[in-house]
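Here's the structure, in structure tokens; my notes come after.
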Amino acid sequence: MNLSILIPLLNEEESLKELYTWIIKVMQSNNYSYEIIFVDDGSTDNSWQIIEGFSNENPNVKGIRFMKNFGKSQALHAGFAKAKGDVIITMDADLQDSPDEIPELYEMITAQKYDLVSGWKKKRYDSVVAKNLPSKLFNWAARKTSGVDLNDFNCGLKAYKNVVVKNIEVSGEMHRYIPVLAKNAGFGKIGEKVVIHQARKYGETKFGMERFINGFLDLITIWFLSRFGKRPMHLFGAIGSLMFIIGFLAAGYIGISKLYHMYTGMKYSLVTNNPWFYIALTTMILGTQLFLAGFLGEIILRTKNNEARYKVAREVNF
């Protein structure tokens, strides 16, 4: 199978018919073998009924319905697990991503041998203050932190080799950082393509300003996981040991200093009257706690189970 088109959605009943017709037109004009996977992330409108209608008339249309809204990352995770195409294309259901971009994205993966190609909405039709400027700041921070040279991490229109999506773990709100996850998994050839960004035709955006705050927090998580996710003891253990040694040496110096003053007959005071003693003691306690945090992290990594992060209510055509 050439293509798997993966579309996570939430309450997009107005745009689904137009999007479906558009994708089918592109598939037929290019003679692709394909599947379209709609993942309904807990819609409360008629989105699922529309998807079922598509699947009844076209066996290449498949659907997954969550029991409630679990988030875009979980929707992508569920779709990636089911996708069978040699190339997987992800796109949003709001018609802001153009299906006409699919052939070029497919070509970049198959002919140019990219592992992943991310869309870049160079010209946007969103609010400049509410979305464009925060997005530019966010993308700049993501580039500097991750080392992945992309201009638009947030773009939902991306293309992947099948082997990429089968070897990355998308959870929480990490869908923005799939290129970083792919790089950390060993897929180094990551490209970018300027794509058309269309103004939203129906409904309202599901994302507000809070997504950028959450995005920066997730960026810190990605940075930590990429460096210490498999070996937390290397960070917490090292810092904790260093703090404990510094505190221990400082406490030892204070004690030896008192003994010296006592031996030479010089004036001295109780160790507990010296504020530096409490600073040294606190440093030792914090160092011990950090060391234990790293140790517990190692234990958790070795005993964790991959509990499902979402619940599927229905599936069609799988």
Side-chain angles (χ1 to χ4, degrees), residues 1-43 45-66 70 72-110 116-119 155-166 170 175 178 193 195-196 198 201-203 206 310 312-318:
M1 183 184 295
N2 299 133
L3 281 164
S4 293
I5 312 298
L6 175 56
I7 305 170
L9 63 106
L10 174 64
N11 296 332
E12 297 287 0
E13 62 178 358
E14 294 176 304
S15 61
L16 283 177
K17 178 63 177 176
E18 185 174 340
L19 177 63
Y20 168 71
T21 304
W22 195 352
I23 293 174
I24 294 299
K25 179 182 176 182
V26 173
M27 296 298 103
Q28 292 176 345
S29 63
N30 289 274
N31 295 316
Y32 291 136
S33 57
Y34 69 94
E35 63 180 357
I36 304 173
I37 303 174
F38 290 99
V39 184
D40 183 354
D41 187 21
S43 294
D45 61 4
N46 292 318
S47 295
W48 180 250
Q49 287 73 23
I50 295 171
I51 293 168
E52 285 187 313
F54 296 156
S55 66
N56 289 333
E57 69 181 45
N58 185 347
N60 295 320
V61 176
K62 304 174 182 181
I64 301 171
R65 186 183 191 187
F66 285 173
F70 286 98
K72 187 174 182 179
S73 291
Q74 282 57 246
L76 289 173
H77 184 275
F80 286 158
K82 297 286 189 180
K84 297 179 179 178
D86 297 329
V87 176
I88 289 85
I89 305 285
T90 60
M91 60 192 311
D92 295 333
D94 55 12
L95 294 175
Q96 291 190 283
D97 296 332
S98 170
D100 289 336
E101 305 284 355
I102 291 175
E104 288 188 47
L105 290 170
Y106 178 78
E107 183 73 11
M108 291 180 74
I109 296 292
T110 57
L116 184 158
V117 179
S118 180
C155 182
L157 185 58
K158 291 182 172 68
Y160 311 83
K161 283 183 179 177
N162 185 287
V163 67
V164 174
V165 303
K166 302 300 184 184
V170 188
H175 57 272
I178 292 179
K193 179 186 181 301
V195 297
I196 298 170
Q198 303 182 122
K201 192 172 181 179
Y202 304 106
K206 309 300 186 300
Y310 49 84
V312 175
R314 290 198 60 188
E315 294 182 355
V316 293
N317 281 348
F318 284 107

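Along the sequence shown, residues carry numbers from 1.
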Side chains of I178 and L76: does their closest heavy-atom pair fall under 4.5 Å?
yes
Would you name the heavy atoms of N162 and K84 that are closest together and state the gap between them?
ND2-C, 3.8 Å
Ring centres of Y160 and F80 under 6.0 Å apart?
yes
Given 3.5 Å as the limit, does a donor-acceptor pair link the side chain of S55 with the main chain of V61, or not?
no
Out of curiosity, L16 CG to F54 CZ, how far, rounded to the nearest 0.5 Å?
5.5 Å
For residues N60 and M27, determine if any side-chain heavy atom of one lies less than 4.5 Å from a side-chain heavy atom of the other.
no
Determine whether a donor-acceptor pair (N or O, by modelled atom type, separation under 3.5 Å) exists between the side chain of S118 and the backbone of K158.
no
What distance separates N46 CG from N11 CG, expressed to the nearest 0.5 Å?
10.0 Å
If the plane angle is over 60° it's perpendicular, under 30° parallel, otherwise tilted; pick one for Y310 and F66.
parallel
Here the gap from L9 atom CG to D92 atom CG, rounded to the nearest 0.5 Å, amounts to 10.0 Å
Taking salt bridge (Lys or Arg N to Asp or Glu O under 4.0 Å) as the test, write out the residues that go with E13, two or more places apart.
none
Spacing of CG belonging to D100 relative to CD1 belonging to I23, to within rounding of 0.5 Å
10.5 Å
Which is it for Y20 and F38 under the ring-ring contact (aromatic ring centres under 6.0 Å, His included) test, yes or no, and what are the steps along the way?
CA-CA 10 Å; Y20 168 71; F38 290 99; 7.1 Å; no
Tightest non-hydrogen contact, residues E12 and S47, listed as N-OG, 3.1 Å
Backbone of H175 reached by a side-chain donor or acceptor of S73 within 3.5 Å
yes
For a 4.5 angstrom cut-off between non-hydrogen side-chain atoms, does D41 reach K72?
no
Is the shortest side-chain heavy-atom distance between V195 and S98 below 4.5 Å?
no
Quick one: closest heavy-atom pair of V316 and R314, and the distance?
CG1-NH2, 4.3 Å
In Å, rounded to the nearest 0.5 Å, how long is the span from CG of D86 to OG1 of T110?
9.0 Å
CG/L157 to CD1/I102 distance, rounded to the nearest 0.5 angstrom?
7.5 Å
I need the minimum non-hydrogen distance between Q49 and D45, along with the two atoms involved.
OE1-O, 3.8 Å
Quick check: closest heavy atoms across A159 and V87, and the distance to 0.1 Å?
CB-CG1, 4.4 Å
Treating S15 as the side-chain partner and A93 as the backbone partner, does any N or O pair qualify as donor plus acceptor under 3.5 Å?
yes
One pair to check against salt bridge (charged side-chain N to carboxylate O under 4.0 Å, His left out): K82 and E35. What are the steps and the verdict?
CA-CA 10 Å; K82 297 286 189 180; E35 63 180 357; over 6 Å; no
Across all chains, not counting sequence neighbours, the salt bridge (Lys or Arg N to Asp or Glu O under 4.0 Å) partners of E104 are K193
Minimal heavy-atom distance between I37 and A83, with the atoms involved, is CD1-CA, 3.9 Å
